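Just so it is clear: chains get the letters A, B, ... in the order the sequence lines come, proteins before strands, and each one is counted from 1. Because the structure is a prediction, the values reported are computed rather than measured. In what follows, every heavy atom counts, from backbone to side chain, and hydrogens, waters and symmetry copies are set aside.
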Amino acid sequence: MVFDWQPAQNPFMTRDAALLLPSTEPVTLIDPDGDPVPVGHDMPDPQALVRAYAALITARRFNDQANALVRQGRLAVYPSSHGQEACQVACVQVLDPGDWLFPTYRDSAAIVARGVDPVRALTLLRGDWHCGYDPHATRVAPQATPLATHLLHAVGVAHAARLRGEPTVAMAVCGDGATSEGDFHEALNFAAVFRTPVVFFVQNNEYAISVPLARQTAAPSLAHKGIGYGVPGARVDGNDVAALLTVLGAAVTRARAGEGPQLVEAHTYRVQPHTNADDPGRYRSADEVTPWLARDPITRLEPYLRGRALLDDEKIAGYAAEAEELAARMRAGLGEDTVADYRDLFAHVYAEPTPQLREQQALVADELSREEAR
Amino acid sequence: MVFDWQPAQNPFMTRDAALLLPSTEPVTLIDPDGDPVPVGHDMPDPQALVRAYAALITARRFNDQANALVRQGRLAVYPSSHGQEACQVACVQVLDPGDWLFPTYRDSAAIVARGVDPVRALTLLRGDWHCGYDPHATRVAPQATPLATHLLHAVGVAHAARLRGEPTVAMAVCGDGATSEGDFHEALNFAAVFRTPVVFFVQNNEYAISVPLARQTAAPSLAHKGIGYGVPGARVDGNDVAALLTVLGAAVTRARAGEGPQLVEAHTYRVQPHTNADDPGRYRSADEVTPWLARDPITRLEPYLRGRALLDDEKIAGYAAEAEELAARMRAGLGEDTVADYRDLFAHVYAEPTPQLREQQALVADELSREEAR
Amino acid sequence: MAATAPSQVPSPTPSPAPSPRPEKITMANALNQALRDAMRADDTVLVFGEDVGPLGGVFRITDGLTAEFGERRCFDTPLAESGILGMAIGMAMNGMRPVVEMQFDAFAYPAFEQLVSHAAKMRNRTRGRAGVPIVVRVPYAGGIGGVEHHCDSSEAYYAHTPGLHVVAPADPADAYGLLRRAIESPDPVIFLEPKKLYFSRAEADLTLPVPPIGRAVVRRPGTDATLIAYGPAVPVALEAAEAAAQEGRSLQVVDLRSIVPFDDETVCAAVRSTGRAVVVAEAAGFASVSSEVVARVTERCFHSLHAPIRRVTGFDIPYPPPKLEHVQLPSVDRILDTVDDLQWEFA
Amino acid sequence: MAATAPSQVPSPTPSPAPSPRPEKITMANALNQALRDAMRADDTVLVFGEDVGPLGGVFRITDGLTAEFGERRCFDTPLAESGILGMAIGMAMNGMRPVVEMQFDAFAYPAFEQLVSHAAKMRNRTRGRAGVPIVVRVPYAGGIGGVEHHCDSSEAYYAHTPGLHVVAPADPADAYGLLRRAIESPDPVIFLEPKKLYFSRAEADLTLPVPPIGRAVVRRPGTDATLIAYGPAVPVALEAAEAAAQEGRSLQVVDLRSIVPFDDETVCAAVRSTGRAVVVAEAAGFASVSSEVVARVTERCFHSLHAPIRRVTGFDIPYPPPKLEHVQLPSVDRILDTVDDLQWEFA
Ligand SMILES: Cc1ncc(C[n+]2csc(CCOP(=O)(O)OP(=O)(O)O)c2C)c(N)n1
Ligand SMILES: Cc1ncc(C[n+]2csc(CCOP(=O)(O)OP(=O)(O)O)c2C)c(N)n1
Ligand SMILES: [Mg+2]
Ligand SMILES: [Mg+2]
């Protein structure tokens, strides 16, 4: 094992505050009309933007299809990332194959963008007992529901890699609500103290179920939390995939270079209900949602790319067809009923079932055999 | 009940960062040689400084006596605040009678400064099962051992008072180590969102048992954590009681005025072991301690007051005699063996003992009566 | 995610005042009415937590409370359970009676330290001077087709912690009465609300007092064996007793209602009267409330027992996904199988 | 505060290698040696927590590890238990075998959610693909004159949680062997170290293998009744058996060692052989591990029992202060009184 690790050395606690505070406004590179914004940030490589466009189309189609499947009872629940697809796509596109993604329940589209089969990616939300994919093979952790808890796992995974001298970065994703949990605090602090290569990516969609951001924090921005850990905070327009690729890309690069963890807050909006079971009419007006529809990540990128001859009707049709194919696979895969085997309940509680579990499983087996005998 | 409460209204999250960041250097008003430092802060009222001096003498004597008592086996454990007495004294002196103090195990001297009888204040550390004083009558919460947990209670107490329209401020004290706990984060955030009148006072004594500050945080200072909650952070020389009175006093005033919670970090040093049971030779050198002895809060205030004819030998002798009297009371009170009554173990678990507890108490009673019969 | 509640959650339409004649209402109605009546009766009663304000909670138990009592008495907090409970403890120390909601059972775990080291101990460590009259409402247990972390039966953690009261209603009337009593209690009460019973209806005259916390109730008389259950297992036990009656076996059903304090008297009298017993509970069996019931009843009734007391509980596994939860949940068949096993040959 | 350890904590001077002839060592020595040997044998084994580095832990169990293995393999973390456990879970998911210390029992509570919702469930929720081979060392239980929050017996919380192994050694040799086995385990192990036994000495040949996790051991043969104990209660049970022998009563003593998995076979065989049993444990009795032992042994051995299985446990109260802890702790007298109560008239 290669050891190459030193904790942060801050004997005099004098890290420069100016370097840690976020910009006053979120970084935008392409405005809602598709025009470039003249700022001091690099525009991503055109091919990267085209790739992102294709991924956006897929992510949107994925969301729409999943919403349809939940209505048809083929999924137990679906927390849609409709409108947040730029975040979903960008946080994956900036990663190397050896990096890890730590998603929440809302980040199924990101998991698919990472290359996980869409049917497998929806295993948990379909109501199965496991995440459906191999975290090691895919370098995607199981979707976390207990809020902010997985941020600490990201720190651990990245720290272990660092101890072995591997160049791994962990992309740890959470929502605005999750930043209020103690585990968010502990994760940022541990990562900062150990200079662990984690990018904490907060998708601030302004709501935690029904609770608006103002009830979640009184800070100037969530990115302002970084300085309290010695972590640089950045703010980015969460519906501008170009800005996201640039800001998240830079964060990954810094983390990989040994500069420690990074905090990026994306300003976006949850245009749909929290999940299919939610009733947003109880806590927000349609008027609040409308302006956000005009800031849609796809309708913004498309004119920009068309204007630069990076995209045309033919290409768009191609991406749409690919997305449609994915949707068809989802319908087929999730339309099938899976056979649930009770033995799976006992098989993975421990590496070896305990005698108690063997006894309990035998009881079920006996019940079933008697049922069959009837 | 009078209701007079609104949560923070930050629809656009644009609180001015400049107003929330601490000063680059901690505020000092009287330097280690006892000379005033020309800065833009008000020196406290001379009589307040004289009162603080008397309290410092008492607090120091209290610490010394408690250390002696633990050596004699009259206390179970003593976490001394020797060298941190300026913090102990100032955080109490800025409070009104109706305010609340939320101390830790290290803040016995503050509890005494608040007016609690010194023998009662040491009840827990003596090894008894309760805090020894009435939290409501004294407006002092029981000393908290589970780190940072009591900060949330402070938020609750202050919020309840605010709902009733009472002008109560809660002074919530913790150490540098405790700032790493999730509850620290949640307490600051809740207080900020509800604009609750709490002053969070961090005594940064550079150690959490053996763990130095650099292993606790990589932030420019602990006060830099404030901005992440929208809470103004301030840094103050923790061995300068004048600066502490000014900075903490201003924080209490702002909190009482409805400006929401305040975070104050005092830079001090734990010159003695964590507790009598600690062995600091294992983790720090004597050389590191020495310079701090020269920054002692008492030897610094004394020349300042003498130089301004606010203190003379006679007065000093008077304060010393008062402190000696307190020490004598401690020796007398803690020298006596208390009689522990097993029935107390069952009496206060619930307002009414459960049938189960009555049964269990009867079992002990029966054992004892049989023992006596033998 | 929280909102695994059915998408058409019925909004409990509270009756303006408890009506004199029993009506069919849901447990959700009853709980909502209990909160409302408690808040009307005592303005120190406050309700807070995640999404309990305008949304009315993901199960709508707090529906309409912010509208009636205002933002100051029913409000949403930041998303942090230790924060919610810690703040509640402080408010209770300062004259209030907070009723907090933990959105789902497994999301109460971040508050565990506040619960065990403070809520449960504050009275004792202040020698009775600072009690903590809080109610922690926990939508709990399974049977609702929830995804992972949304169906834990966590009562054992609380029941094992001295200083907490732990109760679980099994029908709307008891839900109303127990919640009113919990809010009036000077001590912290963990109030476990069986999620799967939220929207089942039963007649409930809310004006009738229910027995105090600490009392069990015999819900169905019977002479051959006793089923001991609480919370979500009670209706299953009643159903099993009904099925057994068809087969000519008379099963008594005891609803514990209150896990702590425990009603030894009622439970032991019931078991002595039949000489056989089965404890039914949804939680994993190992080191659980059901273990305690078996242990303490056996200790007290040993010589009245014709057979060892048996348990029908959840297995010692993480709560299963929707498709397999029927395997984990105590069922009528499993209860009847277990009753059949109570060594009737020794009768 | 952490440092309620005796002020002159003996620094465990580890023998360079396990010596072939049994020596008298303390449990602290044995644990230190186990960590050292495990770290020598496998460089994925890491030790971290609060004050485990240069200080060597407040009980000195990790003494010298940073010196021998460097800052990267034994290190201090920021002061946050959920952070420690969450980071350990991540490291375990990525090839490491972290051994973390929770400074005192009650200070593990902030990590409860990480433990219950993640450490215990990760293998299951990844269908066996991501196990979490961590060891959570908890200096635990009382008898050391500690102040509040420093003496909790918290095993029931862990034992009730499917997915965790829970073990507690009662002597130095077993402490060494069980800790080595815990570190080798592919699953999370809660390793409960009885604080009051840290500095008691016994002969221990560390080269001899101990039985695996999951096996109980009969520590003393006996024919009249069986005492079932674990961790800090084992020496008390042995002392009681010794005292009973003086009075002509032969008590068998079973040391559970492993609470989860539970060794039904050994325990039931022991109880069947005597027909009478008392469970001895320090923890509060209600809904505890001792309840489970009574329940499961009674279920299995009912017709071999001459009397109900009884319990000598802590009362259902917050752990008492030093001056009164003798009231709470199972004592030889209380055990013998309880044995006397086992209805010998029916013999
Ligand atoms: C510890 C915990 N508490 C509560 C919940 C219930 N819950 C699920 S999602 C959610 C809101 C989360 O909001 P946010 O972090 O902003 O993410 P978003 O859903 O907006 O993507 C809540 C309260 C949970 N999953 N975990
Ligand atoms: C939740 C919790 N974890 C661990 C401990 C053990 N402990 C007691 S004091 C202490 C160090 C605290 O350091 P700091 O907050 O800086 O306060 P100081 O002792 O320096 O005043 C530790 C780790 C505890 N009391 N509570
Ligand atoms: Mg959100
Ligand atoms: Mg400190």
Side-chain angles (χ1 to χ4, degrees), chain C residues 81-82 106-117 120-121 124-125 148-149 152 154-163 166 259-260 262 279 283-296 298-303 305 307-311 314-319 343 346, chain D residues 81-82 106-117 120-121 124-125 148-149 152 154-163 166 259-260 262 279 283-296 298-303 305 307-311 314-319 343 346:
Chain C
E81 293 77 8
S82 185
F107 306 145
Y109 301 150
F112 198 67
E113 181 185 33
Q114 287 289 351
L115 205 59
V116 174
S117 291
K121 297 191 173 68
N124 197 61
R125 49 198 295 271
E148 56 164 3
H149 308 292
D152 281 18
S154 43
E155 66 269 31
Y157 301 132
Y158 309 124
H160 180 61
T161 304
V166 184
I259 298 170
V260 181
F262 190 87
V279 183
F286 199 90
S288 68
V289 171
S290 62
S291 327
E292 178 63 30
V293 179
V294 174
R296 65 190 304 115
T298 305
E299 282 162 359
R300 284 160 178 76
C301 309
F302 189 69
H303 293 291
L305 290 176
I309 301 180
R310 295 285 302 278
R311 291 182 274 178
F315 301 118
D316 297 310
I317 59 176
Y319 192 82
Q343 310 181 351
F346 290 94
Chain D
E81 294 76 10
S82 186
F107 306 146
Y109 301 150
F112 199 66
E113 182 187 31
Q114 286 289 350
L115 206 57
V116 173
S117 292
K121 297 192 172 69
N124 198 61
R125 49 199 294 273
E148 56 165 4
H149 308 293
D152 280 17
S154 42
E155 66 269 31
Y157 301 131
Y158 309 124
H160 180 61
T161 305
V166 184
I259 299 170
V260 180
F262 190 87
V279 183
F286 199 90
S288 66
V289 171
S290 62
S291 327
E292 178 63 30
V293 179
V294 173
R296 67 190 302 114
T298 304
E299 282 161 358
R300 284 161 178 75
C301 310
F302 188 69
H303 293 291
L305 290 176
I309 301 180
R310 295 285 302 278
R311 290 182 275 178
F315 301 118
D316 297 310
I317 60 176
Y319 193 83
Q343 311 182 351
F346 291 92

> Tell me the closest heavy-atom pair linking D:Ser288 and C:Glu292, and the distance in Å.
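Looking at all heavy atoms of both residues, the closest pair is N-OE1, 4.4 Å.
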
> Can you find a pair of side-chain heavy atoms, one from C:His303 and one from D:Gln343, that are under 4.5 Å apart?
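Yes - at least one pair of side-chain heavy atoms lies under 4.5 Å apart.
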
> State, to 0.1 Å, how close D:Ala287 and C:His160 come at their nearest heavy-atom pair, and which atoms those are.
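Between these two residues, the closest heavy atoms are O-ND1, 3.5 Å.
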
> Ignoring hydrogens, what is the shortest heavy-atom contact between C:Pro318 and D:Asn124? Give both atom names and the distance.
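Minimum heavy-atom contact is CG-ND2, 3.7 Å.
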
> Is there side-chain contact between D:Thr161 and C:Tyr157, with at least one heavy-atom pair below 4.5 Å?
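Yes, close enough: below the 4.5 Å cut-off.
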
> Can you confirm whether D:His149 sits close enough to C:Arg125 that some side-chain heavy atom of one is under 4.5 Å from a side-chain heavy atom of the other?
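D:His149 reaches C:Arg125 side chain to side chain.
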
> Heavy-atom distance under 4.5 Å to chain D: side chain of C:Arg300, backbone, both or neither?
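It is neither, since no heavy atom gets under 4.5 Å.
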
> Is any side-chain heavy atom of D:Ile259 closer than 4.5 Å to one of C:Phe286?
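Answer yes - side chains close enough.
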
> Taking the side chain as every heavy atom from C-beta outward, state whether D:Leu305 and C:Phe302 have any atom pair closer than 4.5 Å.
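In short, these two side chains touch, coming nearer than 4.5 Å.
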
> Of the backbone (N, CA, C, O) and the side chain (C-beta and beyond), which part of C:Val279 lies under 4.5 Å from a heavy atom of chain D, both, or neither?
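When you check distances to chain D, no heavy atom of C:Val279 falls under 4.5 Å.
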
> Does a side-chain heavy-atom distance below 4.5 Å link C:Gln114 with D:Tyr109?
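C:Gln114 does not reach D:Tyr109 side chain to side chain.
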
> Among C:Ser117, C:Ala156, C:Ala283, who wins on heavy-atom pairs under 4.5 Å with chain D?
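So the answer, after comparing C:Ser117, C:Ala156, C:Ala283, is C:Ser117.
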
> Taking all heavy atoms of C:Glu299 and all of D:Val294, pick out the closest pair and write down the distance.
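Shortest heavy-atom contact: OE2-CG2, 4.3 Å.
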
> So which residue, D:Glu81, D:Arg311, D:Glu155, D:Arg296, ends up with the most heavy-atom pairs under 4.5 Å with chain C?
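Heavy-atom pair counts peak at D:Arg311.
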
> Which atom pair, heavy atoms only, marks the closest approach of C:Thr298 to D:Pro308?
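C:Thr298 and D:Pro308 have their closest heavy atoms at O-CB, 3.7 Å.
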
> Please find the pair of heavy atoms, one from D:Ser291 and one from C:Ala295, that lie closest to each other, and give the distance.
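Taking D:Ser291 first and C:Ala295 second, the nearest heavy atoms are O-CB, 3.7 Å.
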
> Please examine the side chains of D:Phe112 and C:Leu115, heavy atoms only from C-beta on, and report whether any two atoms are closer than 4.5 Å.
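C:Leu115 vs D:Phe112: side chains apart.
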
